[in-house]
Peer 1: 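Below you'll find the structure I mean.
Any value given below was found using the heavy atoms of this structure, including those in side chains, with hydrogens, waters and symmetry copies removed.
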Amino acid sequence: LKSEESESLIGILTEVRDLAKQGIVIGKSGKKNEVRGLSTENNIRILAHLFQEFKPQKTVEIGLAFGASALAFTRLVEKRGEAPGGQHVAIDPFQENTDVWDSAGIMAIEKRGLSGYLKYIPELSSLALPQLVREKRKFDIIYIDGSHIFENVFIDFFYCRQLLSKNGIMLFDDSSDAHVKKVLKFIQNNFTGRLAPFDLS
């Protein structure tokens, strides 16, 4: 990585560490929420390296939670010097639910002045993704990190494959999870020649 890109990554990792260290986040309703399900530093590092190498114009993630990965995507677009234009899309039906995330992810992005780079869709991915397909949207990096139940992961894959731009990259979080692993096995067995595994090493 170039030195300035390294500095960007270090800054993003510092912001993610700060999120994790808080332990408790005050949500929009005023309730205290225990920080959980936060993307790991390794995940953020991989996303940042891929972003810097492939220079995606549009990215999408399923699952916003406390906003760590969305923070990485939006901060990287900002560091690239682009004007805000909703370059990163995040789909999460539970973000505004006070019993789940209580808008913590949205607030994390707002707090850092990155809201203009984020288009938030408060829908189930099974409803939001088909709409993006109808709109003929394409994304260069797709990060699937929503429900880890087999049928939900499979539906996410089904639509995300149609949204993936040529030479785009689709990433699955928690790929060691039994349900996610089952979907990946299906892809390996049935999409040879159409999708190729990408070596993150």
Side-chain angles (χ1 to χ4, degrees), residues 1 9 12-13 15-17 19-20 34-56 58-76 88-95 100-101 104-105 108 121 123-130 132-133 137-201:
L1 292 176
L9 178 54
I12 290 164
L13 289 173
E15 289 181 294
V16 171
R17 287 184 194 119
L19 271 176
E34 181 183 354
V35 176
R36 63 195 188 283
L38 201 66
S39 290
T40 65
E41 285 191 25
N42 188 55
N43 280 12
I44 299 300
R45 187 174 283 107
I46 288 169
L47 292 174
H49 277 263
L50 290 172
F51 191 98
Q52 290 165 340
E53 182 175 352
F54 292 98
K55 299 175 174 54
K58 296 290 183 181
T59 55
V60 62
E61 69 177 315
I62 299 165
L64 181 53
F66 285 96
S69 50
L71 168 60
F73 280 118
T74 54
R75 181 66 79 193
L76 285 162
H88 180 63
V89 175
I91 301 167
D92 191 332
F94 304 111
Q95 182 61 210
V100 187
W101 306 118
I121 302 177
E123 295 265 11
L124 291 166
S125 58
S126 58
L127 299 176
L129 293 171
L132 293 175
V133 172
R137 299 287 301 276
K138 292 292 180 182
F139 297 92
D140 305 307
I141 293 180
I142 297 175
Y143 185 41
I144 299 176
D145 185 19
S147 166
H148 290 2
I149 297 171
F150 169 77
E151 56 265 39
N152 293 333
V153 181
F154 184 84
I155 289 170
D156 287 346
F157 161 72
F158 176 80
Y159 287 112
C160 284
R161 186 177 71 85
Q162 300 174 63
L163 293 167
L164 194 64
S165 63
K166 185 178 180 181
N167 299 320
I169 298 171
M170 189 186 309
L171 300 154
F172 291 81
D173 186 53
D174 293 321
S175 58
S176 60
D177 178 273
H179 291 263
V180 179
K181 190 184 293 185
K182 190 175 179 181
V183 174
L184 293 174
K185 186 69 174 176
F186 176 87
I187 295 170
Q188 291 167 355
N189 290 339
N190 294 280
F191 285 86
T192 303
R194 286 178 283 174
L195 293 173
F198 187 84
D199 186 0
L200 290 176
S201 64

Peer 1: Within the structure provided, determine whether L163 and V133 are in side-chain contact (heavy-atom separation under 4.5 Å).
Peer 2: yes

Peer 1: F139: which residues meet the ring-ring contact (aromatic ring centres under 6.0 Å, His included) condition with it, sequence neighbours left out?
Peer 2: none

Peer 1: Would you compute the distance between atom CD1 of I187 and atom CZ of F157 and round it to the nearest 0.5 angstrom?
Peer 2: 4.0 Å

Peer 1: With respect to M170, which candidate in I142, I141, V60 satisfies the side-chain contact (heavy atoms from CB on, under 4.5 Å) definition?
Peer 2: I142

Peer 1: Donor-acceptor pair, distance only, cut-off 3.5 Å: does the side chain of Q95 make one with the backbone of A104?
Peer 2: yes

Peer 1: Quick check: do L124 and N152 have side-chain heavy atoms less than 4.5 Å from each other?
Peer 2: no

Peer 1: Rounded at 0.5 Å granularity, tell me how far CD1 in I46 sits from CD1 in I169.
Peer 2: 11.0 Å

Peer 1: Enter the distance from L9:CG to R45:CZ here, rounded to the nearest 0.5 Å.
Peer 2: 6.0 Å

Peer 1: Evaluate the side-chain proximity of V183 to D156: yes if any heavy-atom separation is below 4.5 Å, no if none is.
Peer 2: no

Peer 1: Nearest 0.5 Å, what's the CD-CZ distance between E15 and R75?
Peer 2: 4.0 Å

Peer 1: What is the distance from atom CG of L71 to atom NE2 of H88, rounded to the nearest 0.5 Å?
Peer 2: 10.0 Å

Peer 1: Please name the pair of heavy atoms, one in N43 and one in S39, separated by the smallest distance, quoted to 0.1 Å.
Peer 2: CB-CB, 4.4 Å

Peer 1: Check whether any side-chain heavy atom of Y143 lies under 4.5 Å from a side-chain heavy atom of L50, and answer yes or no.
Peer 2: no

Peer 1: Hey, does L47 have a side-chain heavy atom less than 4.5 Å from the side chain of T59?
Peer 2: no

Peer 1: Sequence neighbours left out, what passes salt bridge (Lys or Arg N to Asp or Glu O under 4.0 Å) with E41? Give chain and number order.
Peer 2: R17

Peer 1: Considering non-hydrogen atoms only, spot the tightest contact between I91 and L132 and give its length.
Peer 2: CD1-CD1, 4.1 Å

Peer 1: Which pair of heavy atoms, one from W101 and one from F94, lies closest together, and at what distance?
Peer 2: CD1-O, 3.4 Å

Peer 1: In the structure I gave you, are the side-chain heavy atoms of I62 and C160 within less than 4.5 Å of one another anywhere?
Peer 2: yes

Peer 1: Examine the side chains of H148 and D177 and answer whether a donor and an acceptor come within less than 3.5 Å of each other.
Peer 2: no

Peer 1: Indicate the atoms forming the closest heavy-atom contact of I121 with A128, along with that distance.
Peer 2: CG2-CB, 3.8 Å

Peer 1: Any side-chain heavy-atom pair from I12 and L76 closer than 4.5 angstrom?
Peer 2: yes

Peer 1: Using the test ring-ring contact (aromatic ring centres under 6.0 Å, His included), find all partners of F186 that sit at least two apart in sequence or belong to another chain.
Peer 2: F154

Peer 1: CD of Q188 to CG of L195: how many Å apart, nearest 0.5 Å?
Peer 2: 11.0 Å

Peer 1: Which heavy atom of P56 sits nearest to which heavy atom of D140, and what is that distance?
Peer 2: CB-CB, 3.5 Å

